[in-house]
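For reference, the structure discussed in these notes is given below.
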Amino acid sequence: MSIDPRVALQSLTAALEEHMVAAAARRGDGDPAVEAAFFAVADAFEVYDDSLYEAYGEVTPLEVIDDDGEEDDEEDVDDEEDLEILAD
């Protein structure tokens, strides 16, 4: 079942707003509300991106990164410093 991209976009917008509210009310590092909002944004974005592709054959220029800061596509090496790290 495909989701209307407009509905998915509304969900993404709501998740982004909730993340901002959680970030503004943060109670220190590792605040569970901020973490939950972070993952809600990531999930909503993936649903939006998938629905956009299914409906129109288009994607956004954005990527979801792993929690540890690594991109999903580990083969993407951008600069010489990254190459040095991989060589070690």
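Just so you know, residue 1 is the first one in the sequence shown, and it goes up from there. These numbers were taken from a predicted model, which means no experiment stands behind them.
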*Does Val21 belong to the same Ile/Leu/Val/Met/Phe/Trp/Tyr cluster as Leu16, with side-chain heavy atoms less than 4.5 Å apart forming each link?*
no

*asked:* Please give me the minimum heavy-atom distance between Leu12 and Ala44, naming the atom from each residue.
replied: CA-CB, 3.8 Å

*Could you state the interatomic distance from CG (Asp49) to CG (Leu9), rounded to the nearest 0.5 Å?*
11.5 Å

*Considering only Ile, Leu, Val, Met, Phe, Trp and Tyr, and joining two whenever side-chain heavy atoms are under 4.5 Å apart, list the other residues clustered with Val59.*
Tyr53

*Ala22 and Val34: which non-hydrogen atoms are nearest, and at how many Å?*
O-CG2, 3.3 Å

*Decide yes or no for Ser11 and Tyr48: does some side-chain heavy atom of the first lie under 4.5 Å from some side-chain heavy atom of the second?*
no

*What are the two closest heavy atoms between Ala40 and Ala15, and how far apart are they?*
O-CB, 4.0 Å

*asked:* Restricting to non-hydrogen atoms, name the atom on Glu54 and the atom on Ser2 that form the minimum distance, rounded to 0.1 Å.
replied: OE1-CB, 3.0 Å

*asked:* To the closest 0.5 Å, what do you measure between CG (Leu62) and CD (Glu46)?
replied: 12.0 Å

*Scan residues 6-17 for pairs that pass salt bridge (Lys or Arg N to Asp or Glu O under 4.0 Å), counting only residues two or more places apart or in two chains.*
Asp4-Arg6

